[in-house]
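One structure is given below, encoded as C-alpha cells.
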Amino acid sequence: MSGDHFHNDSQIDSGSRHNDSHKHKDKYKDKEHKHKDHKKDKEREKSKYSNSEHRDSSDKKHRDKDKERLKLKDGSSDKQKDKHREKKKEERVGRGLCYFHIATVLSQLNPLALEEFPFIKSEPENDGFYHSPKHEKSLKRERDDDDAEFKPKKIKTEESEKKAKKRKQEEEVTVLVACVGMLVYILPSLCFFIPFRWEEERYTDGVKWKFLEHKGPVFAPPYEPLPSNVKFYYDGKHMKLSPGAEEVATFFAKMLDHEYTTKDVFRKNFFKDWRKEMTSEEKSKLTDLNKCDFSEMSEYFKAQSEARKAMTKEEKLKIKEENERLLQEYGFCIMDNHKERIANFRIEPPGLFRGRGDHPKMGMLKRRIRPEDIIINCSKDSKYPKPPPGTKWKEVRHDNKVTWLVSWTENIQGSIKYIMLNPSSRIKGEKDWQKYEMARRLKKCVDRIRAQYREDWKSKEMRIRQRAVALYFIDKLALRAGNEKEEGETADTVGCCSLRVEHLTLHQEMDGQEYVVEFDFLGKDSIRYYNKVPVEKRVFKNLQLFMEDKEPEDDLFDRLNTSILNKHLQELMDGLTAKVFRTYNASITLQQQLNELTSSEDNVPAKILSYNRANRAVAILCNHQRAPPKTFEKSMQNLQTKIDAKKEQLADAKRELKSAKADAKVRRDEKSKKAVESKKKAVQRIEEQLMKLEVQATDREENKQIALGTSKLNYLDPRISVAWCKKFGIPIEKIYNKTQREKFAWAIDMAEKDYEF
DNA sequence: CGGGATACTTAGTAGAATTGTT
DNA sequence: AACAATTCTACTAAGTATCCCG
C-alpha cells in the first residue's frame, strides 16, 4: 500500500536537526537581506567574470549562461566560507572532495575550467579518440572484474586483495592525473602559455558542443507485403487490400490479443485513420470495423514469431551480427573529440498509437517517418550524414546550443522527437551531476524555505496561501509540479498544481489521527496516487477554504500554476524548481534510510536487503509502481519450497552433527574429530544459504508492486550509493549493473566512503 | 500574462538476453 | 540441453521547464 509514509515526517524533523540549530540566527538575517542582496550578489558575481572574453552584456543568452556558471560557483564559494570549520574534514578527504577542492581553487583562477569537471582530458588513445581518464578507469576495472569471474573462487579472495591494492595505486595515479590535468588549466591563466592541442571547449552562452559528427538515423525497415495466402475477409468475403491499407491492417492484426483493441475509442480512432490510407474503392466497401476479419493475419504473425524463436543458432547469430554492425555504424557519434554512444539511433517505426491510461488518441495511426521529415543537426565542419539514395533531409542545421542530433515531428500530438546521446555520455553525465548539486544546494536552504511556506499559510493573500500549501505537498509528498494539459489531447492526469477538488477528501478525524487528507488521483502515466496523510491544522483549514463553494471538477489551486510556483522558487534559491524537491527528498531519504538500516555486522546479502529497503522507501515516496510480475505468485511459491527444503536439509545436517559429536566422544580419535568439524561447517553453510533465501523472499515480497529502477536511475544521487558500497565493502556490481555503472561513471570515480549528500 | 514551441528528463513495459534449474 | 525464471535493454510516452511572441 502506498499509504505508508513513515519517512515523511521524520524527514522534515531530522532535516532540521541536521542543519545546526545555531545557524538559525544567520538564517533569518539571511532572509531579511535576501531581496536586497540577491541582485547585488548577482552583480558582484558577474563582475568577477567581466574580464572574461565572452562578456557581452547586451546578449541575454550570455546572462543566462552566467547564471549557470553561478550555480556551479555558488557551491564552491560556500565551501570557502566554511573553510575553517571544514579544515579537519578536508585532511581526511580523499579524491572525491579533492576534485571539489581543487575545483574551488581552480575556479578562482580560471572559472571556465570548472565546467570541465569531472571529465579531465587526456592524450588520444590508439583508436584516435580522447577518453576521459575516469571512464577509462571504470572500463579497466570492469575488465579486471570480468577476468576475475572466470577464475575459481578460492583464488578470487587472494586475487581481490591484490586487486584492492592495485586499485589503491590506480586511484593514486588518478589523483595525479587529475592534478596534472588541472595544472594544464591553471597554466594558461598564469602565463599565456598557450596550449596543447587538446585545449577543450569552454561552454559559454549555452553552447553544448563545438564539433558534432554522426551518421544520421536508421529508418524503420520498409513494409513487406503479406504472402498471398494470408487473407483478409470483410463480411465473410475475401478481399485483397492495397499495400497501404494492408500495412495499417497488419498493425491492428498484431494487436488483436490485446484488450485495448476492444475499446471503443481505440477502434474508432483506428478505423478513422485506416480509412485515410485506403483507396477510394476500399473506402466505399469497408465501412464497418466489426465486419473485418484479421484472424488469418494475426495467425500469420504468431507463426512468424514462433519461427523466429525456433531459428537455428547460426541464423540467430547472423541477426545478432547484423545488429552489431548497425550499432557500430550508426550507434556512435563524435562530439568534441569523444566518441559517444547514441541512445536511440533508430527512427520509431509506424504503428498504432497506444497512450497510457485512458488516452483519447489511442488507436490512431503513427505515421512512417521519411527522410523528408528529418532535421539533421551536426557541425558545419563535419561530414554530414547522407539521406538514403533518392531522398532528401528536411533540413540540415548547425545548432550547437542544443544536444540533439536528429529530430522529427510526430503526428499524434505534433510534438518533436529527438535522437540524443546515451546517459553514459559526457553531456548527459555532466547534466546529471549538476542536477544533484542543485539538490544539495536545496539541502542547505530547505529549512529556510520550509519556514517560509509555513509562514505563508497565514498570508492574507489567497494566491500566497495556495502557493504555500502546494509547495508543502510537493515537499512533503514529493508530488510532481503538475503543468496544465490540453483537454482532450491526453489522458486526464494531474500533478500538484493541477489537482482538482475531487482528488482529495478531508477527514477531520480518521483512524485516531486528526486532520487527515485523503488523496486519490491519477498522476504521470496514469499511475494512481492514493495516500492518506495527516497534515497540520493550518493546512487543513486552508484546504477547506480552497474547496469552499467549488465543484468537484474545479481546480483546487485556482490562483496557482507551475509557472507562478517556479517563479517563486527561483526567488527563494537560484535555479530552484519544483522538481528539485523530488530529487532532494529522494536522495536525502536514501541517505537517512541507509544510515538507519545498515549494520556493519550484517553479511553482504543482509546489507543488500537494507539497501533495497532504503531504495524502496524512496520508490514509495515517489510512487513508483509496477504491475506485479505475471509469475509473481508462482515464483514466490517456488522460493518457499526451496526454503522448506533448505530447512529440512539443515535439520538433517544438525542431526548428523549431533551423532558425529557423540561418536567422537566415544571414539576419541582424530578421524572422528575431523568428522565433527566438517559437519559443523556443513551446518554453518546451510544456515547461511537458508538465511540468504529468506532474505530474498522478504525482499521479493516487499517489492511486489514497487519499481526500484526509476528512483535509482533518476532520483538518487549515485554518490550516496557508491559511498555506501565503499563504506561497507559491498562490490558496486551488486548495486549497479553494467549500464548503470556506465551512466554513473562520474560518481563511481568521484565519491569516497565519507561522501555526504 | 497566455499559449505554443522547444528541449530535455522521467516513466513503465515488452521482449531480448542471461542465468538458474532440472 | 531444454526449459523456466530473472534481469536487462530498448523503446517511446508523458512529464517538467523555459523561451518567445503577440
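Within every chain, numbering begins at 1; the chains are lettered A, B, ... in the order of the sequence lines, protein sequences first and strands thereafter. All figures in this text were calculated on a predicted structure; none of them were measured in a lab.
Of the candidates C:dT12, B:dT6, B:dC8, the closest approach to any side-chain atom of A:Ile416 belongs to B:dT6. In the set C:dA14, C:dG15, B:dA16, the nucleotide with an atom closest to the side chain of A:Lys485 is C:dG15. For A:Lys208, counting side-chain heavy atoms from C-beta on, the closest listed nucleotide (B:dC8, C:dT12, B:dT9) is B:dC8. In this structure, of B:dC8, C:dA13, C:dA14, it is C:dA13 that holds the atom nearest to the side chain of A:Lys366. Comparing atom distances between the A:Lys642 side chain and each of B:dC8, B:dT21, B:dT18 picks out B:dT21 as nearest. Closest to the side chain of A:Pro349, out of C:dA10, B:dA7, C:dT12, is C:dT12. Nearest to the side chain of A:Thr577, among C:dA4, C:dT18, C:dA10, sits C:dT18. Of the candidates B:dA11, B:dT9, B:dT18, the closest approach to any side-chain atom of A:Lys428 belongs to B:dT9. Side-chain atoms of A:Val402 lie closest to B:dA7 of the nucleotides B:dA7, B:dT9, C:dT16. Listed nucleotides: C:dA17, C:dT12, C:dT16. Nearest to the side chain of A:Arg480: C:dT16.
Rounded to an integer number of Å, the gap from A:His624 NE2 to B:dT13 C1' is 15 Å. When rounded to the nearest whole Å, the span between NZ of A:Lys401 and P of C:dC19 equals 14 Å. When rounded to the nearest whole Å, the span between CG of A:Asn323 and P of C:dC8 equals 20 Å. One atom, NZ of A:Lys417, and another, C1' of B:dC8, lie 13 Å apart when rounded to the nearest Å. Between A:Lys630 atom NZ and C:dA5 atom P there is a gap of 14 Å when expressed in whole angstrom units. In this structure, A:Leu352 atom CG and B:dA14 atom C1' are separated by 16 Å, rounded to whole Å. Counting to the nearest Å, the P atom of B:dT9 and the CD atom of A:Glu430 are 12 Å from each other. Atoms CH2 (A:Trp209) and P (B:dC8) sit 11 Å apart, rounded to a whole Å.
A:Ala627 comes within 4.0 angstrom of sugar-phosphate atoms only, judged by non-hydrogen atoms across all strands, and of no base. Heavy atoms of A:Thr493 sit under 4.0 angstrom from primed sugar atoms or phosphate atoms, though from no base atom. Residue contacts for A:Asn737: at a heavy-atom cut-off of 4.0 Å it reaches the sugar-phosphate backbone alone, with no base atom in range. If you check every strand for non-hydrogen atoms under 4.0 Å, A:Pro423 touches nothing. Within 4.0 Å of A:Arg559, counting heavy atoms only, lies no atom of the nucleic acid at all. Note on A:Lys316: nothing from the nucleic acid sits closer than 4.0 angstrom, heavy atoms only. As judged by a 4.0 angstrom heavy-atom cut-off over every strand, A:Ala343 is placed among residues making no nucleic acid contact. When heavy atoms are screened at a 4.0 angstrom cut-off, A:Tyr418 is found touching base atoms of the nucleic acid. At the heavy-atom level, A:Gly709 lies nowhere under 4.0 Å from the strands shown. If you check every strand for non-hydrogen atoms under 4.0 Å, A:Lys712 touches nothing.
Salt-bridge check for A:Glu306 with A:Lys302: failed, with every basic side-chain N at 4.0 Å or more from each acidic carboxylate O. Under the 4.0 Å criterion applied to side-chain N and carboxylate O atoms, A:Arg685 and A:Glu688 are not assigned as salt-bridge partners. Salt bridge absent: A:Glu461 and A:Arg559 never bring a charged side-chain N and a carboxylate O closer than 4.0 Å.
Where A:Gln696 and A:Leu576 meet DNA chain C, the nucleotide closest to each residue was compared, and A:Gln696 sits on the side nearer the 5' end. In this structure, A:Arg356 and A:Asn638 both approach DNA chain C, and ranking their closest nucleotides by distance from the 5' end singles out A:Asn638. Nearest-nucleotide assignment on DNA chain B puts the 5′-proximal partner with A:Glu486, out of A:Thr403 and A:Glu486. Residues A:Ser407 and A:Lys309 both approach DNA chain B. Their nearest nucleotides, taken by heavy-atom distance, put A:Ser407 toward the 5′ side.
Using a 4.0 Å cut-off, some side-chain N or O of A:Gln413 falls inside it from OP1 or OP2 of C:dA14. Using a 4.0 Å cut-off, no side-chain N or O of A:Asn344 falls inside it from OP1 or OP2 of C:dC11. Within the 4.0 Å cut-off from OP1 or OP2 of B:dC8, not a single side-chain nitrogen or oxygen of A:Lys435 is found. Taking only side-chain nitrogens and oxygens, A:Thr710 comes nearer than 4.0 Å to OP1 or OP2 of B:dG12. Put simply, A:Arg700 has no side-chain N or O that comes within less than 4.0 Å of OP1 or OP2 on C:dT7. OP1 and OP2 of B:dA11 both lie 4.0 Å or more from every side-chain N or O belonging to A:Arg626. A close approach under 4.0 Å does occur between a side-chain nitrogen or oxygen of A:Arg582 and OP1 or OP2 of B:dA11. A sub-4.0 Å separation between OP1 or OP2 of C:dA13 and a side-chain N or O of A:His359 is absent.
Contact annotation: side chain of A:Lys524 to base of B:dT10, donor-acceptor pair present below 3.5 Å.
Atom CH2 of A:Trp408 and atom CD1 of A:Ile375 lie 11.5 Å apart (nearest 0.5 Å).
Close placement of the A:His624 and A:Tyr715 rings is indicated, their centers lying within 6.0 Å of each other. Between A:Phe270 and A:Phe252, a ring centre-to-centre spacing shorter than 6.0 Å is recorded.
Applying the 6.0 Å contact sphere to NZ of A:Lys316 captures more than 12 heavy atoms from other residues, nucleotides or ligands. Counting non-hydrogen atoms of neighbouring residues, nucleotides and ligands closer than 6.0 angstrom, the CD atom of A:Glu648 reaches no more than 12 such neighbours.
Checking A:Glu694, A:Gln696, A:Gln689 one by one against A:Ile643, the side-chain contact (heavy atoms from CB on, under 4.5 Å) holds for a single residue, A:Glu694.
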